[in-house]
Amino acid sequence: HPHGGAHGLADPAARPAPPRVPSPTTSVAPPPHAGVVNTTSWFWVSPGWWHPVSVTAMIPTPRGPLGVTTTATPTTLQFDPGDGSPQVSCRGPGVPYVELMHDVLPKQCTHTWSRPSIVAGGRFASRMAVVWKVSWRATTGASGHLPDITTSIGVPTVVDELHAVARRGAS
């Protein structure tokens, strides 16, 4: 059986491991200890953190060393509220919350709490995750994709119920 040099990359064992990707540094507004029923929480990661990560490996071959660069690129931010409602996914890092801009900013990475966390023992087991697309390129020009990587971090969230006080106007 003849074995060509470039065909070695078709063997998954010959491909380099993907780069180490960092866990997300998350931000939530209001903070995770101060959620309120029927209000919207915003979530995002720092735009400065949201960038591709690469690693290059030299693989010895009978024809000499072959360089292979593997790149992981963050694509999707996911928030699992942990309250039984569906996971929220958005492309990109989310929009940092700015109180003065609340009504005009795109609400792409938000979740509105519908019940207090007392039903879950005090806090919801919320999680924030980032999905990374992984690709590789060899010095020969060959390239391909590896399975996505997901990094996540727990964001335990307390959601309280605020009772509005109705004031009867003079009539």
Side-chain angles (χ1 to χ4, degrees), residues 12-13 15-59 67-139 143-162:
R15 291 186 200 151
R20 286 182 183 273
V21 293
S23 287
T25 306
T26 61
S27 299
V28 180
H33 64 275
V36 178
V37 169
N38 294 327
T39 62
T40 300
S41 286
W42 293 53
F43 52 94
W44 69 95
V45 296
S46 163
W49 177 94
W50 194 269
H51 57 81
V53 180
S54 294
V55 65
T56 299
M58 298 306 287
I59 299 172
V68 180
T69 299
T70 309
T71 302
T73 304
T75 59
T76 308
L77 179 62
Q78 298 175 331
F79 181 68
D80 180 351
D83 63 357
S85 55
Q87 173 176 278
V88 179
S89 286
C90 44
R91 308 241 353 128
V95 177
Y97 178 81
V98 180
E99 194 169 355
L100 294 173
M101 302 293 284
H102 181 267
D103 293 330
V104 294
L105 286 172
K107 291 176 178 57
Q108 59 166 2
C109 294
T110 62
H111 175 68
T112 301
W113 304 98
S114 59
R115 56 199 189 122
S117 55
I118 195 79
V119 300
R123 16 181 99 205
F124 292 122
S126 309
R127 291 197 77 72
M128 194 112 57
V130 173
V131 178
W132 303 74
K133 296 279 181 212
V134 184
S135 61
W136 60 268
R137 178 171 294 283
T139 49
S143 63
H145 294 278
L146 296 174
D148 291 353
I149 297 173
T150 301
T151 54
S152 67
I153 187 168
V155 187
T157 305
V158 175
V159 179
D160 288 325
E161 213 155 7
L162 288 189

* Asked: Roughly how far, to the nearest 0.5 Å, is the CD1 atom of Ile149 from the OG1 atom of Thr151?
  -> 8.5 Å
* Asked: Please, which pairs that meet salt bridge (charged side-chain N to carboxylate O under 4.0 Å, His left out) have at least one residue in residues 25-36, sequence neighbours excluded?
  -> none
* To do: Under the side chain to side chain contact (heavy atoms under 4.5 Å, CB included) rule, what do Val159 and Asp83 come out as? Steps first, then yes or no, please.
  => CA-CA 10 Å; Val159 179; Asp83 63 357; over 6 Å; no
* To do: Write out all pairs satisfying ring pair (Phe, Tyr, Trp, His ring centres under 6.0 Å) with one or both partners inside residues 68-94, taking only residues at least two apart or from two chains.
  => Phe43-Phe79
* To do: Over all heavy atoms of both residues, which pair between Pro32 and Pro156 is shortest? Give the atoms and the distance, please.
  => CB-O, 3.4 Å
* Structure fact -> Of all heavy-atom pairs linking Val158 and His33, the shortest is CB-O, 3.9 Å
* **Nearest non-hydrogen partners of Pro19 and Ser54, listed with the distance** => CB-C, 4.1 Å
* Looking at SG of Cys109 and CZ of Arg91, how far apart are the two atoms once the value is rounded to the nearest 0.5 Å? -> 11.5 Å
* Pro147 to Val134 - nearest heavy-atom pair and separation -> O-CG2, 3.6 Å
* To do: Please tell me if the side chains of Thr25 and Ser46 come closer than 4.5 Å, counting only heavy atoms from C-beta onward.
  => no
* Should we say atom CD1 of Ile118 is surrounded by more than 12 heavy atoms from elsewhere, each under 6.0 Å from it? -> no
* Structure fact -> For Ser89 and Thr76 the tightest heavy-atom approach is CB-CG2, 4.1 Å
* **Inter-residue atom distance Thr75.OG1 - Trp50.CH2, 0.5 Å rounding** => 6.5 Å
* Structure fact -> Rounding to 0.5 Å, atoms CG (Asn38) and CD (Glu161) come to a distance of 8.0 Å
* Rounded to the nearest 0.5 Å, how far apart are CE of Met58 and OG1 of Thr139? -> 6.0 Å
* Structure fact -> Between Leu77 and Pro93 the two heavy atoms that sit nearest each other are CD2-O, 3.4 Å
Under 3.5 Å, sequence neighbours excluded: what are the donor-acceptor pairs made by side chains of residues 120-130?
residue : atom : partner : partner atom : Å
Ser126  : OG   : Pro81   : O            : 2.6
Ser126  : OG   : Thr157  : OG1          : 3.1
Arg127  : NH2  : Ser152  : OG           : 3.0

* **Reference residue Val55; test side chain to side chain contact (heavy atoms under 4.5 Å, CB included); the match among Thr70, Thr69, Val68** => Thr70
* Student check: side-chain heavy atoms of Trp113 and Ser41 closer than 4.5 Å -> yes
* Just how far is it from atom CZ of Arg115 to atom OG of Ser85, taken to the nearest 0.5 Å? -> 8.0 Å
